[in-house]
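Down below is the structure, laid out as structure tokens.
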There are 2 protein chains.
Amino acid sequence: MVPPVRAIAAANVNGVRAASVKGMLDWLAATDADVICLQEVRARPDEVPVALRELLDAHGWHLRMAPSETAKGRNGVAVLSRAEPEAVRIGFGDPASDLDGRYLEVDLPGGLTVASLYLPKGVAGTDRQDAKDAFCKTFADHLRTAFDRCAVTGREMVVAGDWNIAPTERDLRNWRNNQRNSGFLPYEREWFAALLAHGWSDVVRDLHPDTDGPYTWWTYRGRAFDNDVGWRIDHVLTTPGVAAAATGAVVQRAASHDARWSDHAPVLVRLGGAG
Amino acid sequence: MVPPVRAIAAANVNGVRAASVKGMLDWLAATDADVICLQEVRARPDEVPVALRELLDAHGWHLRMAPSETAKGRNGVAVLSRAEPEAVRIGFGDPASDLDGRYLEVDLPGGLTVASLYLPKGVAGTDRQDAKDAFCKTFADHLRTAFDRCAVTGREMVVAGDWNIAPTERDLRNWRNNQRNSGFLPYEREWFAALLAHGWSDVVRDLHPDTDGPYTWWTYRGRAFDNDVGWRIDHVLTTPGVAAAATGAVVQRAASHDARWSDHAPVLVRLGGAG
DNA sequence: CATGCCAAG
DNA sequence: CTTGTCATG
């Protein structure tokens with residue numbers, strides 16, 4: 001008997017060590033998600049705080065990590081699941097990024113594959129943008145291949161994390177001022193749109209077709225959070241079966257500035273009935 | 001009418017920006033010292049916290065600084081005085097160290113010269129020890145010259161700060177274990193003893209001839225502070241006239257671990273009668 | 001085990 | 001503005 005996945009969350013924690021002493025543990029203890037994709041963990045397995053490890057053990061979570069092997073204290077993705085993964089894959093077969101702690105896939109019982117993604121940030125006009133662009137190019141190949149394979153095998157898939165791209169004008173507060181900034185470049189938006197055209201679903205947008213945002217990231221600089229000057233760059237993309245099962249999606253924005261434990265807020269997608 | 005100097009303090013603040021938010025301001029507001037020599041300020045004048053600047057203004061302090069021009073965020077000495085300095089000299093004429101933020105002399109009204117010293121730390125057997133040794137060699141020349149000049153001019157002088165040398169076995173907790181460590185090397189102790197032989201007075205030791213310590217520095221590592229595993233490396237050296245006027249000397253060790261605002265404690269020397 | 005720097009976000 | 005790193009103490 002396979003435990004059902006009732007909800008999937010994505011959270012860029014901006015350093016699991018800092019987040020653990022700022023409230024992430026309370027969020028984890030209270031969440032009803034069955035799978036959580038973490039980004040910017042910025043720690044190796046042996047650097048995970050004891051308090052977090054104990055919480056995971058106490059609540060029966062399985063932790064799978066893909067830390068950066070190329071620069072310590074950077075990047076790093078992980079998947080938490082209440083069910084034990086049947087298989088784990090680090091990277092997507094891209095020698096340029098596989099060791100950077102940006103992509104981790106786990107196969108869960110019941111025919112669901114969940115991936116945690118931390119797409120490079122990029123700074124327009126720099127070599128960091130070139131790296132982001134190169135990542136996107138090879139990653140799109142992986143996503144197309146994976147989608148098509150799911151279509152024939154009947155497997156379902158979720159790719160959740162920090163995509164560092166706001167897909168449309170409604171996905172950031174000041175889109176006019178950001179048309180030349182990385183994360184909202186026209187060709188980045190086209191890249192994202194092509195994924196949806198291929199069949200992937202942006203379930204948060206599908207469930208909130210008429211709202212601005214909901215934003216998932218606010219810079220720490222200035223009063224961005226208090227004024228809700230944010231970007232929607234954390235996304236949950238799914239194959240059609242998961243999208244059809246999605247019954248709700250929320251961004252868990254902190255109640256106050258002081259209650260924040262990351263510059264991102266968790267994105268939670270609910271699947272199936274009220275059962 | 002020249003205001004008398006009733007007390008002189010030396011304090012290695014280990015970063016004036018951190019110290020200012022950890023209790024140094026309360027100490028400053030309460031001290032009855034008229035001259036304070038600061039070490040490891042680790043800030044340029046424009047980086048001095050506003051709260052400290054306001055306190056100095058409110059209490060009528062004059063601030064003279066010698067920040068490091070060679071490495072930002074390092075070293076840095078300063079002198080605070082209630083009387084306005086008549087002259088200020090950065091360095092002691094040593095091209096190898098004058099721009100490193102290690103020595104600052106001010107001439108105060110009344111014929112008193114006060115110097116703030118931050119002697120290099122050194123690590124035995126490394127080039128950093130070589131740099132410390134070289135500093136000591138040229139600095140001893142300066143101290144001898146200055147002492148002799150005071151003897152003929154009738155001027156008095158105080159050199160206060162972090163000397164990074166424990167002069168005798170009573171000046172650190174575990175002297176046996178430290179005979180090969182920088183700060184307690186035999187030739188460093190001999191160097192210090194030679195200054196006293198020349199006529200300089202170590203007023204804290206003179207006023208506490210029979211006690212261990214009082215220690216002025218405890219490493220942040222382990223439980224050194226709680227167990228009083230410290231070193232007496234912050235010293236106030238004076239010409240004979242000041243030494244004769246010294247009526248008391250205390251190390252202002254924090255009441256608790258949490259009340260500390262530096263890894264060093266201030267050293268306070270009182271001059272003259274109870275008036 | 002702290003400091004302030006740095007590159008990155 | 002915040003993260004974790006680093007050299008220095």
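Convention: sequence-line order gives letters A, B, ...; per-chain numbering from 1.
Applying the 4.0 Å criterion to OP1 and OP2 of dC5(C), one finds that Arg17(B) has a side-chain N or O inside that range. Contact annotation: Lys22(A) side-chain N/O to dT3(D) OP1/OP2 distance is under 4.0 Å. Neither OP1 nor OP2 of dA2(C) sits under 4.0 Å from any side-chain N or O of Arg42(B).
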task = Please report the C-alpha distance between Asp133(A) and Tyr187(A) in whole Å, then the side-chain angles of each, then the deciding distance to 0.1 Å, and finally whether the side-chain hydrogen bond (donor to acceptor under 3.5 Å, both in side chains) criterion is met.
result = CA-CA 10 Å; Asp133(A) 298 344; Tyr187(A) 70 83; 2.8 Å; yes

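Atom-to-atom, CG of Asp226(B) to P of dC1(C) comes out at 11 Å; the value is rounded to the nearest Å. Rounded to whole Å, atom C1' of dT8(D) lies 13 Å from atom CG of Asn12(B). The distance from atom CD of Glu40(B) to atom P of dT3(C) is 11 Å, rounded to the nearest whole Å. Rounded to an integer number of Å, the gap from Trp261(B) CH2 to dC1(C) C1' is 18 Å. dT2(D) atom C1' lies 10 Å from atom CZ of Arg260(A), rounded to whole Å. Between the P atom of dC1(D) and the NE2 atom of His264(A) lies a distance of 17 Å, rounded to the nearest Å. In this structure, CE of Met24(B) is placed 14 Å from P of dT3(C), rounded to the nearest angstrom. Residue Tyr220(B) contributes atom OH, which lies 17 Å from atom C1' of dA7(D) at whole-angstrom precision.
Look at Arg253(B) and Asp228(B) and you find a salt bridge, because one of the NZ, NE, NH1 or NH2 atoms lies within 4.0 Å of a carboxylate O, short of that distance. A salt bridge links Asp202(A) with Arg232(A): the distance from a Lys NZ or Arg NE/NH1/NH2 to an Asp or Glu carboxylate oxygen falls below 4.0 Å.
Comparing Gly222(A) and Ala18(A) by the nucleotide of DNA chain D whose heavy atom lies nearest to each, the residue mapping closer to the 5' end is Gly222(A). Residues Arg74(A) and Arg223(A) each lie close to DNA chain D; by heavy-atom proximity, the contact nearer the 5' end of the strand is made by Arg223(A).
Backbone-only contact: Asn14(B) has heavy atoms under 4.0 Å from sugar-phosphate atoms and none from a base. No engagement by Phe225(B) is indicated, since no non-hydrogen atom pair under 4.0 Å with the nucleic acid exists.
Between dC1(C), dT2(D), dT5(D), one nucleotide has an atom nearer to the side chain of Lys72(A) than all others, and that is dT5(D).
Ring orientation note: the planes of Phe92(A) and Phe135(A) are nearly perpendicular, at an angle over 60° on the 30°/60° scale.
For the pair Lys132(A) and Trp191(A), the cation does not sit on the ring face, since its NZ or CZ is not both under 6.0 Å from the ring centre and inside 45° of the axis.
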